Amino acid sequence: MTELAAVKAALKTQAVETPSWAYGNSGTRFKVFAQAGVPRTPWEKVDDAAQVHAVTGVAPAVALHIPWDRVDDYAALARHAADRGLKLGAINSNTFQDDDYKLGSICHPDAAVRRKAVDHLLECVDIMDATGSRDLKLWFADGTNYPGQDDVRGRQDRLAQGLAEVYERLGERQRMLLEYKLFEPAFYATDVPDWGTAYAHCLKLGPKAQVVVDTGHHAPGTNIEFIVASLLREERLGGFDFNSRFYADDDLMVGAADPFQLFRIMYEVVRGGGLTSGVAFMLDQCHNVEAKIPAIIRSVMNVQEATAKALLVDRNALSAAQGSGDVLEANAVLMDAYDTDVRPLLREVREEMGLDPEPLAAYRRSGWAEQIVADRTGGRQAGWGA
């Protein structure tokens with residue numbers, strides 16, 4: 001296989017999981033903005049996700065969020081997805097929208113609240129059994145706002161105990177993906193604030209526990225690609241939540257703020273074998289002022305472009321320059337790949353896959369945007385609260 005053929009083959013097999021919540025209404029802490037045609041049910045969210053996959057060819061799964069996507073029959077929802085060429089992806093838990101969780105969930109000082117939180121996580125594993133999902137994705141808003149508010153070490157003990165119970169419930173082919181976040185909503189001490197904390201807990205739990213890197217969950221200036229390389233080296237990178245940030249956890253379209261960072265991350269993924277090792281490439285975004293389905297299509301395309309550039313890095317030339325200490329040449333090799341216009345290559349890949357070379361244009365011609373505005377009248381639109 002030629003080098004170009006290998007690049008094309010890798011791009012054709014890439015999979016980007018889209019999040020159900022991104023198809024619903026979202027906003028800032030000040031306002032949630034409604035849009036016409038927004039899904040009212042998880043079934044309609046799956047229908048929208050199918051449109052993204054239809055025009056990109058590389059978005060074959062949609063992640064669910066519980067309780068936002070709670071239904072009576074999860075196996076039926078999985079069949080609904082399969083009928084539309086999709087599968088149900090990661091099951092995301094929610095331990096941050098209940099009044100009982102004001103002082104934490106799995107780390108709460110009250111054993112009864114901790115029990116409630118762990119039971120919810122176990123419910124999510126039950127849902128995974130019904131949907132055939134591989135990944136349970138955990139993010140905890142737990143933390144403290146003031147020094148002395150709670151025992152910092154004690155909260156870590158409670159976290160470890162709760163995670164261990166859920167880990168034991170996982171099936172043979174299921175995984176626990178632990179996400180971290182620097183701050184918000186806890187401002188003094190977040191209980192899982194960084195990749196080191198997440199990694200330490202996963203290491204103790206066992207091989208089915210891995211770390212999720214959300215690209216918006218870091219302090220300014222953090223070298224995210226270093227984290228990615230380190231976790232890949234330790235075989236503990238479970239997946240990504242892709243988005244973009246300008247200030248904090250902005251949840252903007254991936255590649256919008258710093259496409260060069262996305263390229264650097266994807267180079268380390270390629271370098272570390274992450275494209276073929278089971279790493280989950282997921283979007284975690286909120287589309288507040290832009291049309292949702294086109295924004296998700298564009299996001300998938302942004303991941304594709306960064307991946308294509310990463311695959312085009314001349315790794316032999318880069319290794320030679322690094323080995324000889326030629327700093328400028330090593331940087332130039334990397335920049336040559338980044339500066340390559342990969343859009344013609346991706347158009348070729350899509351045509352070879354039997355797709356329209358321009359996904360956004362194909363979506364506009366499909367008439368789906370107009371159809372859902374006309375059809376989805378009445379009922380309650382999906383959003384952060386449903």
Side-chain angles (χ1 to χ4, degrees), residues 19 21 28-29 65 90 92-111 113-114 116-118 120-121 124 135-167 176-205 209-224 226-228 230-231 236-252 282 284-286 384:
W21 54 94
T28 68
R29 67 181 65 192
H65 182 288
N92 292 254
S93 62
N94 182 323
T95 55
F96 54 87
Q97 279 193 315
D98 192 293
D99 285 346
D100 285 344
Y101 299 143
K102 180 170 69 173
L103 299 179
S105 62
I106 194 172
C107 303
H108 198 287
D110 188 328
V113 176
R114 295 199 300 275
K116 175 179 178 177
V118 171
H120 169 66
L121 303 184
C124 289
D135 296 331
L136 170 67
K137 192 146 72 66
L138 307 177
W139 172 73
F140 299 107
D142 293 36
T144 56
N145 282 353
Y146 295 98
Q149 177 180 327
D150 199 1
D151 186 326
V152 173
R153 177 167 175 166
R155 294 180 73 90
Q156 289 297 309
D157 291 340
R158 300 167 206 157
L159 174 64
Q161 183 178 6
L163 290 176
E165 182 176 348
V166 178
Y167 185 89
M176 170 190 293
L177 303 184
L178 182 58
E179 189 174 352
Y180 58 91
K181 187 175 183 180
L182 177 66
F183 78 101
E184 192 189 41
F187 294 108
Y188 169 65
T190 300
D191 290 319
V192 190
D194 51 41
W195 72 280
T197 304
Y199 173 69
H201 281 283
C202 289
L203 196 63
K204 189 171 184 178
L205 288 166
Q210 300 196 332
V211 179
V212 170
V213 175
D214 185 304
T215 50
H217 285 190
H218 304 84
T222 299
N223 189 322
I224 300 175
F226 173 84
I227 298 171
V228 170
S230 298
L231 289 172
R236 288 288 175 160
L237 179 63
F240 287 95
D241 272 355
F242 279 131
N243 52 57
S244 271
R245 51 159 290 169
F246 285 98
Y247 297 106
D249 185 23
D250 303 336
D251 278 344
L252 301 174
M282 301 174 279
D284 181 17
Q285 304 176 168
C286 292
W384 288 345

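Just so it is clear, the model here is predicted, and its values are computed rather than measured. Heavy atoms only: backbone and side chains are in, while hydrogens, waters and symmetry mates are out.
Within the 4.5 Å cutoff, the side chain of Leu159 has heavy atoms near those of the Val192 side chain. Contact check for Asn92 versus Met282: no side-chain heavy atoms found under the 4.5 Å cut-off. Residues His201 and Gln156 form a side-chain contact, since some pair of their non-hydrogen atoms from C-beta on lies under 4.5 Å apart. Looking at Leu103 and Val113, their side chains never come closer than 4.5 Å, going by heavy atoms from C-beta outward. With a 4.5 Å cut-off on side-chain heavy atoms, Trp139 and Val212 do not count as touching. Within the 4.5 Å cutoff, no side-chain heavy atoms of Trp195 are placed close to those of Val213. Looking at heavy atoms from C-beta onward, Asp194 lies out of side-chain contact with Ile227 at the 4.5 angstrom threshold. You'll find the side chain of Arg155 reaches within 4.5 Å of the side chain of Thr144, heavy atoms only.
The structure places CZ of Arg245 at 9.5 Å from OG1 of Thr215, a figure rounded to the nearest 0.5 Å. Atom CZ in Phe140 sits 6.5 Å away from atom CG in Leu178 (nearest 0.5 Å). Here the CD1-CZ distance, from Ile106 to Arg158, works out to 11.5 Å after rounding to the nearest 0.5 Å. Atom CG of Asp214 and atom OH of Tyr180 lie 8.0 Å apart (nearest 0.5 Å). Here OH of Tyr199 is found 11.0 Å from CD of Gln210. Values are rounded to the nearest 0.5 Å. To the nearest 0.5 Å, atom CE of residue Met176 and atom CG of residue Leu205 are 6.0 Å apart.
In this pair, Phe187 and Phe183 present their aromatic rings tilted. The plane angle is within the 30 to 60° band. Between His65 and Phe96, the ring planes lie perpendicular to each other; the angle is over 60°, past the 30° to 60° tilted range.
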For this session: Would you sort out whether Val118 and Val166 count as a side-chain contact (heavy atoms from CB on, under 4.5 Å), showing the intermediate values?
Result: CA-CA 7 Å; Val118 171; Val166 178; 4.2 Å; yes
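Tyr167 does not carry Lys204 over the face of its six-membered ring by the limits of under 6.0 Å from the centre and within 45° of the normal.
Checked by atom type and distance alone, the side chain of His108 never pairs as donor or acceptor with a backbone atom of Tyr101 at under 3.5 Å. Side chain of Asp98 to backbone of Asp100: a donor-acceptor contact under 3.5 angstrom is found.
The shortest heavy-atom contact between Ser93 and Leu138 is OG-CD2, 3.5 Å. Residues Gln149 and Asn145 share a closest heavy-atom pair of OE1-N, 2.8 Å. In terms of heavy atoms, Asp191 sits closest to Gly143 at OD2-N, 3.2 Å. Between Gly238 and Leu177, the closest heavy-atom pair is CA-CD2, 3.8 Å. In terms of heavy atoms, Asn94 sits closest to His120 at N-NE2, 3.0 Å.
The salt bridge (charged side-chain N to carboxylate O under 4.0 Å, His left out) test with Lys181 is passed by exactly one of Asp284, Asp251, Asp249: Asp249.
Residue Gln161 qualifies as open at atom CD: its count of foreign heavy atoms under 6.0 Å is 12 or below.
Counted by atom type alone, Asp250 and Asn243 present zero donor-acceptor pairs between their side chains at under 3.5 Å.
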